[in-house]
> 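Questions regarding the structure given below will be posed in turn.
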Amino acid sequence: MHPEREGRGRPPSIRHEGRHALSPDLSHDDFSRFDFQMASYFHVAQHVFPAAKAAWENRQRQRFEKDHGRAPETRFEVRPYMHADPAWQVWSSLKRNNMEMNYWNKTGIIARQEDDLLERGKVAGNARGSLRLNPDLEVPRYLTSVDIHCMPGGYDTDGESGMYAGMVYDNGGFYLAMGGEAGPWNDGAGAADVAVVRSRYPDLKPKRILDLGCTIGHSTLPLKMAWPEARVDAIDACAAVLRYAHARAEHLGVEIHFSQQDAQDLDFEDESFDLVVSTMFMHEVTQKAMKKMGREVYRVLKPGGVMLHNEQPQYHGQPADEQFLREWDTYYNNEPMRCAFRSMDLGAWVEDAGFDRDSLIAATAPGASISETGEVRTRNDGFWFMISARK
């Protein structure tokens with residue numbers, strides 16, 4: 001799901017979520033809790049969020065202009081006025097509460113089935129793909145110092161099973177995505193990545209693909225499904241999500257080669273890949289890491305290769321009040337680098353990495369879905385923001 005998508009239509013049931021061998025068994029009460037949470041999430045998005053937006057237009061804008069004699073120029077000027085508004089306070093509190101309810105429910109389900117899920121997650125010796133871990137890798141502090149997205153322990157929590165973070169991340173992902181363009185397997189973003197590559201770079205026939213910050217591989221699998229003859233590598237710095245990603249891919253019958261690496265210092269050889277992608281990853285790293293990652297992407301791309309990043313839309317060109325509303329996740333959903341990413345100069349970033357600034361394309365793209373045979377269909381119920389450049 002596009003992270004800024006506000007719910008529309010009717011909320012789907014958690015019963016529509018794609019099930020696989022690592023999906024926990026859900027009781028009647030579990031289904032009821034998830035469905036309540038999804039309905040609550042939709043209600044807050046459809047009915048309370050518009051009231052928060054209207055509070056600016058109907059009350060706080062006039063107060064600001066009366067105090068300053070002009071319209072606000074930045075989100076920083078909007079912030080103190082909206083923080084004092086009851087409508088914004090109610091929306092913000094309910095949205096945060098929905099996130100906490102979600103993880104309270106998910107972690108309880110995993111806790112009572114952890115041993116069984118670990119047993120199911122064992123991969124036999126005839127695996128299609130592979131898993132390469134690096135116990136000496138120092139996981140970047142920006143991943144360990146905060147529970148990203150309010151997920152207890154973040155991405156680097158093993159628990160007793162060694163896959164705990166992956167289990168929690170995957171369980172009920174359909175709820176957080178609100179169904180929609182994410183699809184039952186939460187692979188809508190990956191499908192959209194494929195659609196954009198095919199439309200923007202129709203001559204590119206990748207034989208080797210790299211996915212950065214893959215988490216549980218939900219956006220990685222569509223890459224292999226779209227280009228079945230290509231070798232697909234996927235990296236993440238956190239072992240717990242990688243163990244789960246490998247087991248999940250094997251149970252779903254998709255060959256992916258996972259390895260534990262920091263995107264700032266890849267161990268692949270120069271000019272190894274035709275396509276390097278990431279999905280909702282760059283806004284979770286520091287600006288210093290972004291620079292190093294950009295240079296590494298350029299290094300491992302072959303001449304003529306493409307990088308594509310499915311990300312947050314930039315603040316540039318957005319009105320101050322809209323910028324303010326979209327900074328919520330930085331302060332209340334434990335995504336501290338999000339605002340910095342949205343404010344950065346993407347042209348300067350690609351140029352620093354080694355790309356020609358003129359090769360940068362940054363634009364929205366429609367949602368998409370992918371079939372088991374690799375057929376990609378665009379959809380009209382969502383959008384993604386895509387950043388790409390060619391070496």
Side-chain angles (χ1 to χ4, degrees), residues 129-130 187 189-214 217 219-236 254-259 261-282 285 289-311 314 341 344-366 368 370 374-378 384-391:
S130 62
D187 60 0
D193 296 345
V194 172
V196 167
V197 171
R198 287 180 173 175
S199 62
R200 289 186 185 173
Y201 308 98
D203 62 315
L204 184 68
K205 310 297 180 186
K207 296 180 180 178
R208 194 166 181 196
I209 303 169
L210 173 62
D211 186 15
L212 305 175
C214 66
S219 296
T220 313
L221 270 58
L223 301 172
K224 181 65 176 180
M225 295 164 67
W227 293 287
E229 301 304 316
R231 175 185 167 105
V232 178
D233 286 272
I235 69 121
D236 201 284
V254 184
E255 178 188 339
I256 307 291
H257 299 278
F258 295 96
S259 58
Q261 300 189 48
D262 186 340
Q264 302 176 75
D265 186 21
L266 301 170
D267 66 10
F268 300 112
E269 295 181 356
D270 295 355
E271 301 182 357
S272 299
F273 296 95
D274 305 290
L275 175 64
V276 178
V277 306
S278 74
T279 304
M280 298 301 143
F281 168 60
M282 296 197 301
V285 306
M290 275 285 296
K291 283 191 174 184
K292 292 181 179 179
M293 186 185 78
R295 294 166 186 167
E296 278 293 271
V297 169
Y298 187 85
R299 179 184 68 79
V300 300
L301 270 177
K302 297 177 183 178
V306 169
M307 73 167 179
L308 175 75
H309 306 285
N310 190 331
E311 259 306 334
Q314 299 300 98
F341 171 79
M344 69 183 292
D345 183 340
L346 293 175
W349 176 68
V350 299
E351 196 168 52
D352 178 80
F355 295 91
D356 186 335
R357 181 186 283 255
D358 293 337
S359 73
L360 170 67
I361 303 175
T364 58
I370 189 165
E375 179 184 5
V376 178
R377 296 181 179 178
T378 57
W384 307 86
F385 183 72
M386 302 287 189
I387 303 160
S388 65
R390 194 163 201 170
K391 183 174 179 177

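Predicted model, so just to flag it, every value in this text is computed and none were measured.
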> Could you tell me whether a side-chain N or O of E296 sits under 3.5 Å from a main-chain N or O of L266, the two making a donor and an acceptor?
yes

> Would you tell me whether T279 and D193 have side-chain atoms, one donor and one acceptor, within less than 3.5 Å of each other?
yes

> Using ring pair (Phe, Tyr, Trp, His ring centres under 6.0 Å) as the criterion, list what pairs up with F273, not counting sequence neighbours.
F268

> Taking only distance into account, with no hydrogens and no angle test, what donor-acceptor pairs under 3.5 Å do side-chain atoms of residues 352-362 form with protein atoms, sequence neighbours excluded?
{"from": "D352", "atom 1": "OD1", "to": "R295", "atom 2": "NH2", "distance (Å)": "2.9"}
{"from": "D352", "atom 1": "OD2", "to": "R295", "atom 2": "NE", "distance (Å)": "2.9"}
{"from": "D352", "atom 1": "OD2", "to": "R295", "atom 2": "NH2", "distance (Å)": "2.9"}
{"from": "D356", "atom 1": "OD1", "to": "D358", "atom 2": "N", "distance (Å)": "2.9"}
{"from": "R357", "atom 1": "NH2", "to": "E351", "atom 2": "OE1", "distance (Å)": "3.4"}
{"from": "S359", "atom 1": "OG", "to": "D356", "atom 2": "O", "distance (Å)": "2.7"}

> Could I get the full list of salt bridge (Lys or Arg N to Asp or Glu O under 4.0 Å) partners for K302, not counting sequence neighbours?
D274

> For A348, does its backbone N or O pair with a side-chain atom of D345 as donor and acceptor, under 3.5 Å?
yes

> Using the test side-chain hydrogen bond (donor to acceptor under 3.5 Å, both in side chains), find all partners of Y298 that sit at least two apart in sequence or belong to another chain.
none

> Who passes side-chain hydrogen bond (donor to acceptor under 3.5 Å, both in side chains) against D233, sequence neighbours left out?
R208, R231

> Looking at V254, is its backbone amide N or carbonyl O close enough to the side chain of K224 to form a donor-acceptor pair, meaning the two atoms are under 3.5 Å apart?
no

> List the residues meeting side-chain hydrogen bond (donor to acceptor under 3.5 Å, both in side chains) with D236, not counting sequence neighbours, and say none if there are none.
none

> Using side-chain heavy atoms (C-beta onward) and a distance below 4.5 Å, is M307 in contact with V350?
yes

> Can you sort out the partners of S272 under side-chain hydrogen bond (donor to acceptor under 3.5 Å, both in side chains), two or more places apart, ordered by chain and number?
none

> Measure the CG-CZ distance between L275 and R390 for me, rounded to the nearest 0.5 Å.
10.0 Å

> Applying salt bridge (Lys or Arg N to Asp or Glu O under 4.0 Å), name anything that partners D270, two or more places apart in sequence or on another chain.
R299

> Please list, chain by chain and in numerical order, all residues satisfying side-chain contact (heavy atoms from CB on, under 4.5 Å) with K205, sequence neighbours excluded.
none

> So, the side chain of E311 versus the backbone of I387: is there a donor-acceptor pair under 3.5 Å, distance only?
no

> Name all residues meeting the salt bridge (Lys or Arg N to Asp or Glu O under 4.0 Å) criterion together with E375; count only those two or more places apart in sequence or in a different chain, and write none if there are none.
R377

> Applying ring pair (Phe, Tyr, Trp, His ring centres under 6.0 Å), name anything that partners F341, two or more places apart in sequence or on another chain.
none

> Only counting residues at least two apart or in another chain, list the ones meeting ring pair (Phe, Tyr, Trp, His ring centres under 6.0 Å) with W349.
H309

